[in-house]
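By convention in this document, chain letters (A, B, ...) are assigned in the order of the sequence lines, proteins followed by strands, and residues within each chain are numbered from 1. What's counted below: heavy atoms across the whole structure, side chains too, no hydrogens, waters or symmetry copies. Everything quoted here is computed from the prediction, not taken from an experiment.
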Amino acid sequence: MKNKEVAEIFNKVAALLEIKGDNPYRIRAYQRAAQVIEALTTDVEELAKQGKLERLPGIGPDLASKIKEILRTGTLSLYEELKKEIPPVLLTFLEIPGLGPKKVKAIYEKFGITSIEELEKACKEHKIAKLPGFGWKTEENILKGIKLFREKIGRRPLGEILPLAEKITEILKKESPVENISIAGSIRRRRETVKDIDVLITSTEPEKVMKKVVELPLVEEIIAFGETKTSVRVKAGQSTIQMDIRVVEPDSWGAALAYFTGSKAHNIRVRELALEKGLKINEYGVFKGETKIAGKTEKEVYASIGLPFIPPELREDRGEIEAALQGKLPKLVEYNEIIGDGHVHSKYSDGTASLEEIMEKAEKLGLSWVAVCDHSQSLKVAGGVPVEDLFKKKRRIEELNKRSSKVKLIFGAEVDILSDGTLDYPDEVLKEIDFVIAAIHTGFQQSEEQITNRIISALKHPLVHAVAHPTGRVIGERDPYAVNLSKILEVAAQYGKALEINAYYKRLDLNDVNARAAKEKGIPLIIGTDAHFIDQMEYIHLGTAVARRAWCEKKDILNTLSYEEFMNWLKKLRANSR
DNA sequence: GCCGTTTTCGGCCCGACTGTTTTCAGTCG
């Protein structure tokens with residue numbers, strides 16, 4: 001998949017053109033193209049071969065030929081030219097909060113500054129304030145921005161921030177005069193990482209709400225304090241995260257919620273549609289001339305331009321507008337339709353919970369089954385289960401299942417795919433294990449061909465049901481291993497094997513785009529929390545969120561099956577694999 | 001640079017806030 005590389009070059013070209021001061025619409029064209037390509041569920045290379053690039057929205061003759069150039073040469077002549085004109089380090093300046101393309105350009109052209117250190121020095125020596133359009137406050141803000149940049153306050157995993165955001169809204173609900181309150185922004189869309197916390201409120205006493213916000217003990221710094229908009233930095237683990245609170249009139253609730261939920265790209269498309277109908281949409285409502293015709297609910301806002309309600313998880317301009325127009329939006333799998341957890345570790349390997357504790361937790365979470373998939377024998381660092389213990393575990397699960405009517409445990413194993421592509425238990429053992437999910441935990445440095453072939457041979461193994469965390473990425477820590485995912489998807493589809501949506505907040509693997517590609521190929525998906533501590537079973541909804549962002553319906557997700565249905569699916573798959 | 005029941009040029013989403021200004025540019029979401 002060259003999709004990422006192509007998208008990255010287009011994004012960089014867009015940023016360089018911004019600093020250059022090029023036509024903003026040309027810049028947007030590159031940004032949109034990058035977004036479209038990144039969200040593709042097919043190989044851009046494949047589309048190029050078939051001559052179908054220009055069928056993609058936002059890709060015309062020029063960008064199509066530029067994509068082909070990147071695929072052919074690995075780079076883009078325009079990009080190389082731009083890099084000669086503008087030092088690429090300036091792109092990192094754009095990541096400093098408060099610095100945009102115009103200011104970066106001015107600073108570079110006046111002082112030739114090409115490193116963060118030089119920029120910091122120039123601010124401290126008050127050189128920057130002398131530039132036209134700059135002042136002492138700007139200098140101060142750049143220095144603050146540099147500090148935040150150095151603390152690497154970029155995007156944080158959703159699983160870290162969502163609980164904090166929910167806690168804050170709970171406090172505000174209880175202790176201040178709010179009528180309506182909702183989390184908005186990328187958290188509401190359930191993006192895998194988020195940059196800030198957006199909270200939308202209606203209240204008849206906004207000043208009291210805002211006062212309560214800035215008095216929260218979690219608040220470390222007040223960035224802006226107004227009656228309708230307040231921005232603060234709140235403590236989040238080791239560092240801080242920005243939180244924007246906005247208060248609107250109840251009549252604007254829907255319009256504001258839609259607006260602040262985004263994504264930006266989705267909003268732009270919605271507003272373009274409105275324009276075609278002679279309407280104007282802003283955060284206060286939908287307007288025909290001076291008259292407001294909608295705005296109280298999101299449903300009303302969408303309806304005003306002839307669209308059904310679009311779930312927040314889909315609002316990324318990845319085809320949801322077109323689907324909505326044609327009445328072809330998927331009926332997304334619901335959070336409460338997930339009644340099983342496909343991947344949990346127990347004390348038998350490196351988990352901390354006993355089987356009993358897992359059962360108890362599952363009941364609390366309203367689940368009806370849990371597949372207990374401990375590591376296999378050779379993964380010693382993770383307490384891989386030796387064969388003799390495996391059968392103790394099997395008997396124990398059978399006993400517990402007899403006693404419990406509400407929750408059933410499934411005897412599973414997360415079996416290592418060894419460096420040579422063979423599995424970490426012999427076949428006569430594997431066939432006794434009810435659910436075999438194979439995974440790679442070693443040999444990450446192997447070539448794309450080696451790793452891809454390892455996974456393919458596991459998928460082809462008649463006793464394997466699924467592959468766990470298929471790309472191996474860990475958000476913010478480790479890139480995916482080199483793997484040809486298109487080939488994996490092809491084989492999984494051909495053999496009817498399942499792929500995991502790992503719900504651990506740092507994995508979320510498959511991610512939304514890849515899970516959507518799998519869904520489109522008819523590959524069954526199974527959500528597993530990969531819990532090693534009992535409370536991590538609560539992350540199951542993060543996996544559901546990925547599935548929803550992947551346009552999945554109930555039928556696409558194995559976790560919506562009852563215990564009996566899932567056991568049948570497992571048996572049938574093996575019967576057909578013989 | 002894309003796009004078209006306003007088809008091959010002239011559009012391209014919208015508003016708030018900040019800081020530097022004296023009417024507005026830049027940044028952000």
Side-chain angles (χ1 to χ4, degrees), chain A residues 10 13-14 17-19 21-36 53-67 76 78 93-107 128-142 144-145 184-189 191 194-200 223-231 242-248 252 255-287 301 305 315 317 321:
Chain A
F10 278 1
V13 166
L17 288 173
E18 263 191 313
I19 296 175
D22 210 282
N23 175 1
Y25 298 105
R26 185 181 177 212
I27 293 162
R28 207 173 97 187
Y30 278 97
Q31 287 168 337
R32 170 129 205 265
Q35 211 218 337
V36 165
L53 287 175
E54 286 183 47
R55 289 194 201 171
L56 296 173
I59 309 286
D62 182 80
L63 287 178
S65 82
K66 287 197 166 82
I67 292 171
L76 185 65
L78 170 68
F93 283 17
L94 291 178
E95 288 170 38
I96 298 171
L99 271 189
K102 296 281 157 49
K103 289 207 168 112
V104 168
K105 186 185 185 203
I107 291 169
I128 299 291
K130 293 188 186 108
L131 285 174
F134 290 64
W136 66 274
K137 198 86 184 165
T138 317
E139 270 179 348
E140 213 165 69
N141 285 339
I142 293 174
K144 264 190 203 168
S186 51
I187 301 183
R188 183 160 179 250
R189 302 198 311 278
R191 263 191 77 167
V194 301
K195 206 175 76 186
D196 55 12
I197 301 174
D198 291 304
V199 179
L200 184 68
I223 299 166
F225 181 62
E227 213 172 272
T228 61
K229 183 189 165 183
T230 287
S231 291
Q242 181 162 340
M243 176 167 75
D244 298 325
I245 310 265
R246 304 163 202 254
V247 181
V248 296
S252 299
L257 190 55
Y259 173 62
F260 292 124
T261 297
S263 66
K264 190 177 170 181
H266 175 87
N267 284 350
I268 289 175
R269 297 295 311 283
V270 167
R271 288 174 181 203
E272 279 170 356
L273 268 185
L275 275 185
E276 283 171 27
K277 295 189 185 298
L279 302 171
K280 189 181 83 172
I281 298 184
N282 57 29
E283 56 261 58
Y284 302 111
V286 184
F287 296 86
V301 172
I305 50 169
R315 300 182 196 169
D317 190 21
I321 306 271

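- Mapping A:I59 and A:T228 onto DNA chain B by nearest heavy atom places A:I59 at the nucleotide closer to the 5' end.
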Atom pairs and distances, donor-acceptor, side-chain atoms in residues 56-67 of chain A, under 3.5 Å, two or more places apart:
unit_1 : atom_1 : unit_2 : atom_2 : d
A:D62  : OD1    : A:K66  : NZ     : 3.2
A:D62  : OD2    : A:K66  : NZ     : 2.7
A:S65  : OG     : A:D62  : O      : 3.0
A:K66  : NZ     : A:Y30  : OH     : 3.4

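- Contact between the side-chain N/O atoms of A:K229 and the OP1/OP2 oxygens of B:dC28 is not found at any separation under 4.0 Å.
- Comparing the same atom, C1', in B:dT8 and in B:dC12 gives a spacing of 16 Å after rounding to whole Å.
- What you find for A:K229 and A:R246 is that their closest heavy atoms are CD-NH1, 4.0 Å.
- If you take NZ of A:K144 and P of B:dT18, they are 12 Å apart, rounded to a whole angstrom.
- Nucleotides B:dA16 and B:dC9 are separated by 33 Å at their C1' atoms, to the nearest Å.
- When both distances must be under 3.5 Å, the Watson-Crick or G-U wobble mate of B:dG1 is B:dC12.
- Under the rule for a side-chain hydrogen bond (donor to acceptor under 3.5 Å, both in side chains), A:K103 has no partner lying at least two apart in sequence or in another chain.
- When the side-chain nitrogen and oxygen atoms of A:T138 are compared with OP1 and OP2 of B:dT20, one or more of them lie within a distance under 4.0 Å.
- Nucleotides B:dT20 and B:dA25 are separated by 9 Å at their C1' atoms, to the nearest Å.
- Among the protein residues, A:K105 comes within range of no part of the nucleic acid, since none of its heavy atoms lies under 4.0 Å from any strand.
- Straight-line distance from the CD1 atom of A:I128 to the C1' atom of B:dT20: 15 Å, rounded to whole Å.
- Looking at every heavy atom in both residues, A:I19 comes nearest to A:K105 through O-CD, 3.0 Å.
- Residue A:L17 contributes atom CG, which lies 8 Å from atom P of B:dG1 at whole-angstrom precision.
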**OP:** List the protein contact pattern of nucleotides 5-15 of chain B with one symbol per nucleotide (5' to 3'): B for base contact, S for sugar-phosphate-only contact, - for none; contact means a heavy-atom distance under 4.0 Å.
**Re:** -------BBBS
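- Taking atom CD1 on A:I223 and atom P on B:dC28, their separation rounds to 12 Å, with Å as the unit.
- Applying the side-chain hydrogen bond (donor to acceptor under 3.5 Å, both in side chains) test to A:T261 and every residue at least two apart in sequence or in another chain returns A:R188.
- Straight-line distance between the P atoms of B:dG11 and B:dT7: roughly 13 Å, to the nearest whole Å.
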Subject >> Sugar-phosphate or base contact per nucleotide [nucleotides 21-26 of chain B; S, B, -; heavy atom under 4.0 Å] >> reply: S----S
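- Of all the heavy atoms in A:A14 and A:Q31, the pair that sits closest is CB-CG, 3.7 Å.
- Here side-chain hydrogen bond (donor to acceptor under 3.5 Å, both in side chains) pairs that include residues 265-281 of chain A, with residues two or more places apart or in two chains, are A:R28-A:E272, A:H266-A:Y302, A:H266-A:E320, A:R269-A:D317, A:R269-A:E322.
- Within 4.0 Å of A:Y30, counting heavy atoms only, lie sugar-phosphate atoms of the nucleic acid but no base atom.
- The two atoms that bring A:F10 and A:A34 nearest to each other are CB-CB, 3.9 Å, heavy atoms only.
- Here the closest non-hydrogen pair linking A:G100 and A:L94 is C-CD2, 3.6 Å.
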